[in-house]
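Working notes for the structure below.
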Amino acid sequence: MAHSPSFMATAPIPVTLIAGDGIGPEITQATKAVLSALKAPFAWDEQHAGAEICEKTGTPLPEETLKSLETTRLALKAPLATPSGTGFRSINVTLRQKFDLYANIRPARTLIPQADLARYNDIDIVLIRENIEGYYAAREYYLPHGGDPQGMALSAGYTTREECRRIVTHAFEYALAHGRKKVTLVHKANILKYLSGLFLEVGQDVAASYAGRVAYDERIVDACAMQLCLNPSQFDVIVTTNLFGDILSDQISGLTGGLGLAPGANIGENMAIFEAVHGSAPNLAGQNKANPTALILASALMLDHVGQTALATRLRTAIQETLLSGPRTADIGGTATTEEFTQAVISRLTS
Ligand code: NAD
């Protein structure tokens with residue numbers, strides 16, 4: 001990775017900060033305030049991307065933002081809205097593909113045991129999602145059918161042997177580095193015999209080279225979804241393809257209390273973008289109601305990434321204690337505003 005602990009000890013680390021759409025600016029403000037109280041060694045380069053900047057300037061990914069990302073190679077990014085069905089292509093997907101951020105790491109842990117919203121008290125699952133291929137890289141077409149010129153839709157997703165090997169290897173290396181015991185590969189190779197079949201075939205080959213060091217098993221994605229609801233403690237690290245990973249990580253966040261608690265990291269060979277799993281939540285935008293925990297926890301992953309593990313642990317502890325004692329935001333059963341919750345976290349960090 002490009003960012004070493006020794007570098008950080010001497011100078012603040014430049015980070016591109018993208019406040020994004022919807023609740024993005026509110027949770028970004030909260031995260032900045034918490035990181036400032038923590039004295040995290042980041043120097044922000046604030047840039048824009050997404051639907052709101054597109055409305056103002058005509059482009060969802062301005063050249064300035066790209067230049068900043070190319071320079072810093074490190075970003076904290078709030079959610080970016082993408083129009084459904086029509087309009088511009090997802091900027092999230094564009095960034096992951098352009099900068100080869102091939103691994104999407106989505107850890108989920110029970111933070112509030114016994115809470116009504118947490119379905120289980122012992123969730124501790126890391127989902128690793130292939131981030132640049134599959135249906136998210138698909139060419140799509142309308143074709144004539146039944147007299148309708150757009151009566152048929154065709155989507156051609158692809159995967160490569162090379163990418164399957166890289167992501168499954170990443171999952172096993174992650175397991176070894178983080179003391180994890182098992183990797184479960186999730187696929188749909190019974191139906192998508194090539195697209196998902198290649199992922200399974202290469203995954204089995206990679207798994208064999210870790211035999212005796214990390215346990216391995218497999219699930220078909222529909223059965224995995226059901227087993228996550230019934231008995232999630234059987235899962236440790238899950239590795240899967242782009243679309244399945246996107247869906248299952250939202251499902252797993254639901255087992256821990258919801259999207260407001262779920263952080264994520266997009267990792268490449270020499271660049272990383274940290275973000276919440278959730279989207280721009282337009283239903284909450286501008287109301288001071290959003291839960292900033294997911295983006296704050298994403299910033300803790302960024303602290304880990306640059307070698308600041310002590311600060312990351314302090315931050316996670318402050319979040320955990322605040323969630324346990326309250327105040328909590330409405331999505332997890334409380335009444336606190338974004339600002340009240342943020343202030344409570346800051347008080348813990350500074351007292
Ligand atoms: P969403 O994740 O924005 O919201 C789903 C539900 O979760 C909503 O009820 C919302 O209020 C709630 N929620 C999400 N984050 C929350 C938070 N921090 N605190 C409290 N409640 C929260 O999903 P959506 O509504 O399907 O998508 C909205 C937009 O976000 C779309 O344009 C989509 O493309 C985009 N999106 C972006 C990203 C990203 O930037 N990485 C990820 C997913 C969706």
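Every number for a ligand or one of its atoms is a count from 1 in the order of the listing. Throughout, residue positions are numbered sequentially from 1 according to the sequence presented. Just so it is clear, the model here is predicted, and its values are computed rather than measured.
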Item to check | Validation row: Lys77, Phe274 side chains within 4.5 angstrom (heavy atoms) | outcome: no
Item to check | side chain to side chain contact (heavy atoms under 4.5 Å, CB included) between Glu340 and Thr337, intermediate numbers included | outcome: CA-CA 5 Å; Glu340 285 163 350; Thr337 63; 3.3 Å; yes
Next on the checklist: Whether the side chain of Ser196 engages the backbone of Lys193 through a donor-acceptor N/O pair (distance < 3.5 Å, no angle test) should be reported.
Outcome noted: no
Checklist entry - Between the main-chain N or O of Asn283 and the side-chain N or O of Gln287, is there a donor-acceptor pair closer than 3.5 Å? => result yes
Checklist entry - Identify the closest protein heavy atom to atom 44 (C) of ligand 1: which residue and atom is it, and at what distance? => result Gly279 CA, 3.3 Å
Next on the checklist: Once you restrict to heavy atoms under 4.0 Å, what part of Lys77 touches ligand 1? Side chain, backbone, both or neither.
Outcome noted: side chain
Next on the checklist: So if I count the atoms of ligand 1 from 1 in the order they appear, which ones are less than 4.0 Å from some heavy atom of Val277?
Outcome noted: 42 (C)
Item to check | Point-to-point distance, once rounded to the nearest 0.5 Å, from CE of Met226 to CZ of Arg219 | outcome: 9.0 Å
Checklist entry - Are Arg180 and Asp124 close enough for a salt bridge, meaning some N to O gap below 4.0 Å? => result yes
Checklist outcome for this item: To atom 21 (N) of ligand 1, the nearest of Asn291, Leu284, Ile23 on a heavy-atom basis is Leu284
Item to check | Per-atom contact, atom 15 (N) of ligand 1, protein heavy atoms, under 4.0 angstrom | outcome: yes
Item to check | For Leu259, atoms of ligand 1 separated by under 4.0 Å from a heavy atom | outcome: 2 (O), 5 (C), 7 (O)
Next on the checklist: List ligand 1 atoms under 4.0 Å from Pro79, heavy atoms only on the residue side.
Outcome noted: 40 (O)
Next on the checklist: Need the ligand 1 atom indices (1-based, order shown) with element for anything under 4.0 Å from a heavy-atom of Ala81.
Outcome noted: 32 (O)
Next on the checklist: Using heavy atoms and a 4.0 Å limit, tell me yes or no: is Ser280 in contact with ligand 1?
Outcome noted: yes
Checklist outcome for this item: atom 33 (C) of ligand 1: closest protein heavy atom, distance to 0.1 Å, is Thr82 N, 4.2 Å
Checklist outcome for this item: Honestly, for Pro292 the part within reach of ligand 1 (heavy atoms, under 4.0 Å) is neither
Item to check | Heteroatom proximity flag, Ile27 to ligand 1, N/O under 3.5 Å | outcome: no
Next on the checklist: Strictly inside 4.0 angstrom of atom 27 (O) of ligand 1, do you find any protein heavy atom?
Outcome noted: no
Next on the checklist: Using modelled atom types and a 3.5 Å cut-off, is there a donor and acceptor pairing between side-chain atoms of Thr169 and backbone atoms of Arg165?
Outcome noted: yes
Checklist entry - In terms of residue, atom name and distance, what is the protein heavy atom nearest to atom 9 (O) of ligand 1? => result Asn283 ND2, 3.5 Å
Item to check | Top protein contact for atom 37 (C) of ligand 1, by heavy-atom distance | outcome: Leu80 O, 3.2 Å
Next on the checklist: Tell me whether Pro83 has any N or O atom under 3.5 angstrom from an N or O of ligand 1.
Outcome noted: no
Item to check | Contact partition for Asp331 relative to ligand 1, non-hydrogen atoms under 4.0 Å | outcome: side chain
Checklist entry - Does Lys188 come within less than 4.0 Å of Asp222, counting only side-chain N to carboxylate O? => result yes
Checklist entry - Rounded to the nearest 0.5 Å, how far does CZ of Phe235 lie from CD1 of Ile252? => result 8.0 Å
Checklist entry - Do side-chain atoms of Asn266 reach the backbone of Asn131 as a donor and acceptor pair under 3.5 angstrom? => result no
Item to check | Salt-bridge present (Glu26, Lys289; N to O < 4.0 Å) | outcome: no
Checklist entry - With atoms numbered from 1 as shown, which atoms in ligand 1 lie under 4.0 angstrom from a non-hydrogen atom of Pro282? => result 28 (C)
Checklist entry - Which residue and non-hydrogen atom of the protein lie closest to atom 41 (N) of ligand 1, and at what distance in Å? => result Glu275 OE1, 3.2 Å
Checklist entry - What do you reckon, are the aromatic ring centroids of His187 and Phe244 less than 6.0 Å apart? => result no
Checklist entry - Atom CD of Glu269 and atom NE2 of His170: how far apart are they, to the nearest 0.5 Å? => result 9.0 Å
Item to check | Where ligand 1 meets Asn92 - atom numbers and elements under 4.0 angstrom, heavy-atom basis | outcome: 37 (C), 38 (C), 39 (C), 40 (O), 41 (N)
Item to check | Nearest non-hydrogen protein atom, atom 3 (O) of ligand 1 | outcome: Ala281 N, 2.7 Å
